[in-house]
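Everything numeric in this text was worked out from a predicted model, so none of it was measured.
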Amino acid sequence: MRRARDLPVAALPLLLGVHQPVEAAVRDTGGGCSPAATAWAVIALPLLAVRVPAGVLPTASPGAPRRLWGPLAACLATAGVLAYCLATRPVTAEIRGRTIGYGVNVPWMPLGLTGHLFATPGALLLGGDRRLRTLGAVLTAGALACSALWRLDFASTWCAFAAVVSLLVLGWVRRPRGAPPVT
């Protein structure tokens, strides 16, 4: 890491890494309503919705912070609704062959997912740095691919997707010392 303000984005792979054993715990318990299922949902939904845009803001190129107000507003609204629902309603997990389906009782879930996607890849796409825009594009494509494969009960693709994202973040972090963001 070359700049202290890069730390929030640089630490993203750690959050994704914590998410993996949580999902393993969900699988080990056989699904159902468990603390592990709730922990999985807290990380995947409100935490990532806030973590990504809040991490991009300090690393944004000059002029980009104004463009980030939309994703920041979306992240706060989305995370607020998701956190409230997770605090007041049970989260369930169902083992579906090689995938896990999570049940989160969120009213207007398609709107919540739209807000989540605008907040996370949207912040990366609007941050101004070319490598972060690439990460945002990969995040968008990966979310669509994971959703399609999950619906087919093909395989859990989240782990592979998290690894790709982590490698892209590593490339971003390892840019030369003093190098400005690539716009």
Side-chain angles (χ1 to χ4, degrees), residues 5-27 29 31-60 65 67-94 99-127 132 135-147 150-151 156-159 161-166 168-169:
R5 66 182 180 198
D6 294 346
L7 186 59
V9 173
L12 187 58
L14 294 174
L15 181 61
L16 297 174
V18 166
H19 208 219
Q20 300 314 304
V22 170
E23 187 159 61
V26 170
R27 186 169 288 280
T29 62
C33 184
S34 69
T38 301
W40 182 93
V42 166
I43 294 169
L45 299 174
L47 192 55
L48 276 175
V50 171
R51 184 77 178 76
V52 173
V56 170
L57 187 60
T59 68
R67 291 190 305 259
L68 291 172
W69 285 115
L72 284 169
C75 89
L76 293 174
T78 300
V81 169
L82 293 171
Y84 173 79
C85 290
L86 292 173
T88 60
R89 300 172 179 146
V91 176
T92 59
E94 177 187 352
T99 65
I100 302 173
Y102 292 89
V104 181
N105 188 5
V106 176
W108 311 298
M109 189 56 156
L111 184 60
L113 287 175
T114 300
H116 193 289
L117 288 174
F118 180 60
T120 48
L124 293 163
L125 291 167
L126 296 173
L132 290 181
L135 180 59
V138 168
L139 193 66
T140 301
L144 294 172
C146 286
S147 176
W150 177 81
R151 289 181 194 283
S156 180
T157 54
W158 172 246
C159 294
F161 179 59
V164 169
V165 167
S166 296
L168 289 171
V169 170

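The CD1 atom of I100 sits 12.0 Å away from the OG1 atom of T92 when rounded to the nearest 0.5 Å. The distance from the CG atom of L124 to the CG atom of L135 is 5.0 Å, given to the nearest 0.5 Å. Rounded to the nearest 0.5 angstrom, T140 OG1 and L125 CG are separated by 5.0 Å. Note that CG of L48 is 6.5 Å distant from CG of L12, once rounded to the nearest 0.5 Å.
For the pair R51 (side chain) and L15 (backbone), a donor-acceptor distance under 3.5 Å is absent. Listed for the H19 side chain is no donor-acceptor partner under 3.5 Å among the backbone atoms of I43.
Nearest heavy atom pair, residue F118 against residue A74, reads CD2-CB, 3.4 Å. The two residues A37 and G32 make their nearest non-hydrogen contact at CB-O, 4.0 Å. Residues A49 and A119 share a closest heavy-atom pair of O-CB, 3.8 Å. For P8 against G55, the heavy-atom pair with the smallest separation is CB-CA, 3.4 Å. Summarising the geometry of P107 relative to C85, their closest heavy-atom pair is CD-SG, 3.7 Å, with the distance given to 0.1 Å.
Contact annotation: the side chain of Y102 approaches that of V26 to within less than 4.5 Å [non-hydrogen atoms, C-beta and beyond]. The closest side-chain heavy-atom distance from P46 to C75 is not below 4.5 Å.
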Let me see the working for V18 and L14 under side chain to side chain contact (heavy atoms under 4.5 Å, CB included), right down to the final yes or no. CA-CA 6 Å; V18 166; L14 294 174; 5.6 Å; no

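For V104, the side chain to side chain contact (heavy atoms under 4.5 Å, CB included) test picks out A41, L45, L86, V91, V106, with sequence neighbours left out.
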